[in-house]
Amino acid sequence: MKEIAIVGAGVGGLTAAHALRKAGYRVRVLERANRLRAAGAGITMQSNAMSALMSLGLDKPVQRAGHVISQGRVATWKGKTINELEMEAISESVPKRGVAIHRRRLMEALAAGLDEELEFGVAIQSVENIEGGVRLTSEDGRSLEADAVVGCDGLYSAVRRSLFGDEPLRYAGYTTWRGVASMSAEDVQLVEMWGPGLRFGLVPIHHDEVYWFAVASGPQQMVIEKPVVEVLREMFAGWQPQVRRVLDATNPEEIISTDCLDRPPMRTWGHRRITLLGDAAHPMMPNLGQGGCQAVESAVVLGRILEESEDLQAGLRRYEALRVDRANRFVKQSFQMGKIAHWKHPLAHGLRDFGMRLAPSSVVRRSLVEQYDFEGWFRRRAL
């Protein structure tokens with residue numbers, strides 16, 4: 001049985017482990033941390049990701065651990081609705097509802113059953129193709145070999161660097177803060193509010209937890225001299241009242257701050273017995289909530305293609321050829337959405353909000369069905 005080494009035990013790496021094991025491969029998941037990583041507070045597994053997970057039998061554990069998304073809206077900073085969607089409106093075309101979930105619980109659900117495959121404390125520094133396989137070298141000098149390697153090691157991927165060298169990151173011009181408020185989610189609706197150069201989102205992830213994110217335009221590595229909660233209260237003063245409530249209900253020590261970075265999309269993800277997946281291949285801004293979802297899609301497609309491929313190397317190239325256009329489209333759309341959302345001029349964001357209100361609901365539904373219909377997309381592309 002051929003062995004595939006997966007570098008990174010994130011959302012994409014864990015899903016790939018299930019998909020490749022199902023395809024008949026022996027799998028080793030090599031993670032540099034000493035335990036599962038859970039940074040990020042909350043995450044959405046949208047309908048396309050849940051459909052992909054369903055093919056691996058992972059949809060129900062994720063759904064049980066999270067909060068099913070039934071509706072969502074975009075609103076002004078005062079809470080006035082700009083655009084709204086009821087998931088019921090597209091339920092006939094999309095078989096699975098999306099799920100909002102704490103990242104820790106998602107990781108636990110995806111890691112279940114992988115005890116023998118997971119290896120923690122293994123920091124891979126470089127990989128290289130060798131005759132008939134791949135050699136991996138860890139930061140402590142150890143050498144490992146496998147028949148193939150899948151780099152699932154994120155934005156700062158060592159596998160990608162081994163293939164393509166050092167590449168510059170792209171800063172979008174805004175920083176995000178994320179946290180989880182310990183409060184009843186009963187009266188909280190999924191919403192993203194837009195103001196001039198600012199955004200704030202609320203996402204129920206459990207009956208007593210609300211994930212939130214704040215986004216502000218500014219320089220990279222923004223210096224903040226006050227406690228972060230105090231800064232956010234001032235930054236979003238006067239916004240819809242739930243903003244202040246979730247900030248007050250959040251442990252300040254658990255707030256995560258990151259600059260929003262990605263890389264321009266590229267069409268080459270691998271060479272010979274090495275390929276990339278998730279943020280290592282197609283990192284994207286968080287504006288569509290599709291980063292983790294596209295990693296899941298890529299993992300499932302990789303497993304399906306390799307299951308039917310007699311030639312491992314040829315299978316890796318076919319996986320890349322199938323996935324690159326769809327994943328890169330999300331990279332581009334997410335980057336453009338962020339630019340539009342952060343318009344600062346009052347006239348510009350007034351026109352933006354007005355235009356979104358005028359968007360026909362049929363057009364919005366059609367766009368979302370195209371985005372969420374993973375199985376339909378796969379059938380069309382795999383023929």
Side-chain angles (χ1 to χ4, degrees), residues 43-44 46-49 72-77 81-85 90 98 154-155 167-178 190-201 203 213-220 222 258-267 269 278-298 323-374 377:
I43 186 172
T44 57
Q46 297 179 25
S47 296
N48 52 311
R73 64 191 182 102
V74 177
T76 68
W77 62 285
T81 297
I82 297 173
N83 213 316
E84 188 170 18
L85 175 72
I90 61 173
L155 184 63
E167 304 167 283
L169 292 167
R170 178 171 60 173
Y171 177 53
Y174 42 88
T175 296
T176 182
W177 295 266
R178 290 158 290 158
L190 190 154
V191 61
E192 182 171 318
M193 292 166 277
W194 291 4
L198 295 170
R199 285 182 286 159
F200 201 99
V203 186
F213 57 89
V215 191
S217 299
Q220 192 171 356
M222 189 186 306
T258 52
D259 291 331
C260 288
L261 302 165
D262 72 353
R263 299 183 192 274
M266 66 176 187
R267 299 196 63 80
W269 290 355
D279 282 351
H282 42 78
M284 64 189 72
M285 297 299 167
N287 304 308
L288 298 177
Q290 278 286 328
C293 299
Q294 289 304 300
V296 166
E297 283 195 13
S298 289
R323 285 294 300 154
V324 67
D325 286 338
R326 178 168 164 88
N328 283 349
R329 184 166 72 249
F330 281 103
V331 174
K332 295 172 185 176
Q333 290 177 349
S334 192
F335 189 82
Q336 290 300 319
M337 177 63 75
K339 292 178 67 174
I340 293 170
H342 281 266
W343 285 347
K344 288 186 176 181
H345 194 283
L347 178 59
H349 65 75
L351 288 172
R352 173 201 65 199
D353 296 353
F354 182 68
M356 287 190 67
R357 288 193 186 97
L358 291 181
S361 57
S362 59
V363 173
V364 175
R365 286 197 297 271
R366 187 162 59 248
S367 175
L368 286 174
V369 167
E370 181 182 356
Q371 175 175 309
Y372 291 156
D373 186 15
F374 165 72
W377 165 83

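Values below: every heavy atom of this structure, side chains too, minus hydrogens, waters and symmetry copies. Sequential numbering from 1 along the given sequence is applied to the chain's residues.
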[X] versus [Y], closest heavy-atom pair with distance:
X    : Y    : value
T176 : F213 : OG1-CB, 4.3 Å
G278 : A295 : CA-CB, 3.8 Å
P283 : L155 : CB-CD1, 3.6 Å
V331 : P265 : CG1-CD, 4.0 Å
T175 : Y171 : OG1-OH, 3.5 Å
E370 : R326 : O-NH1, 3.6 Å

For M222, does the CE atom have more than 12 heavy-atom neighbours from other residues, nucleotides or ligands under 6.0 Å away?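 Atom CE in M222 is crowded, with more than 12 foreign heavy atoms closer than 6.0 Å.
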
Between [atom1] on residue [X] and [atom2] on residue [Y], distance to nearest 0.5 Å:
X    : Y    : atom1 : atom2 : result
K339 : N287 : NZ    : CG    : 12.0 Å
R73  : L190 : CZ    : CG    : 10.0 Å
Y174 : D259 : OH    : CG    : 11.5 Å
C260 : M285 : SG    : CE    : 6.0 Å
F335 : R170 : CZ    : CZ    : 4.0 Å
L261 : Q220 : CG    : CD    : 5.5 Å

Could you list the residues that satisfy ring pair (Phe, Tyr, Trp, His ring centres under 6.0 Å) with F200, not counting sequence neighbours? W212, F236

Test side chain to side chain contact (heavy atoms under 4.5 Å, CB included) on N48 and Q294; report intermediate values, then the result. CA-CA 9 Å; N48 52 311; Q294 289 304 300; 3.4 Å; yes

With side chain to side chain contact (heavy atoms under 4.5 Å, CB included) as the test, would you mind laying out the steps for T76 and M193 before giving the verdict? CA-CA 5 Å; T76 68; M193 292 166 277; over 6 Å; no

Under the side chain to side chain contact (heavy atoms under 4.5 Å, CB included) rule, what do L288 and F330 come out as? Steps first, then yes or no, please. CA-CA 8 Å; L288 298 177; F330 281 103; 4.1 Å; yes

Quick one: list whatever passes side chain to side chain contact (heavy atoms under 4.5 Å, CB included) with T44, sequence neighbours left out.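 Testing T44 for side chain to side chain contact (heavy atoms under 4.5 Å, CB included), a comparison that skips the adjacent residues, returns Q46, I69, A100, V203.
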
Under 3.5 Å: donor-acceptor pair, side chain of T81, backbone of A75: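 Pair absent, no side-chain N/O of T81 close to backbone of A75.
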
Does the R263 side chain pair with the main chain of D279, one donor and one acceptor, at a distance under 3.5 Å? no

Where do Q290 and Q333 land on the side chain to side chain contact (heavy atoms under 4.5 Å, CB included) test, with the steps shown first? CA-CA 10 Å; Q290 278 286 328; Q333 290 177 349; over 6 Å; no

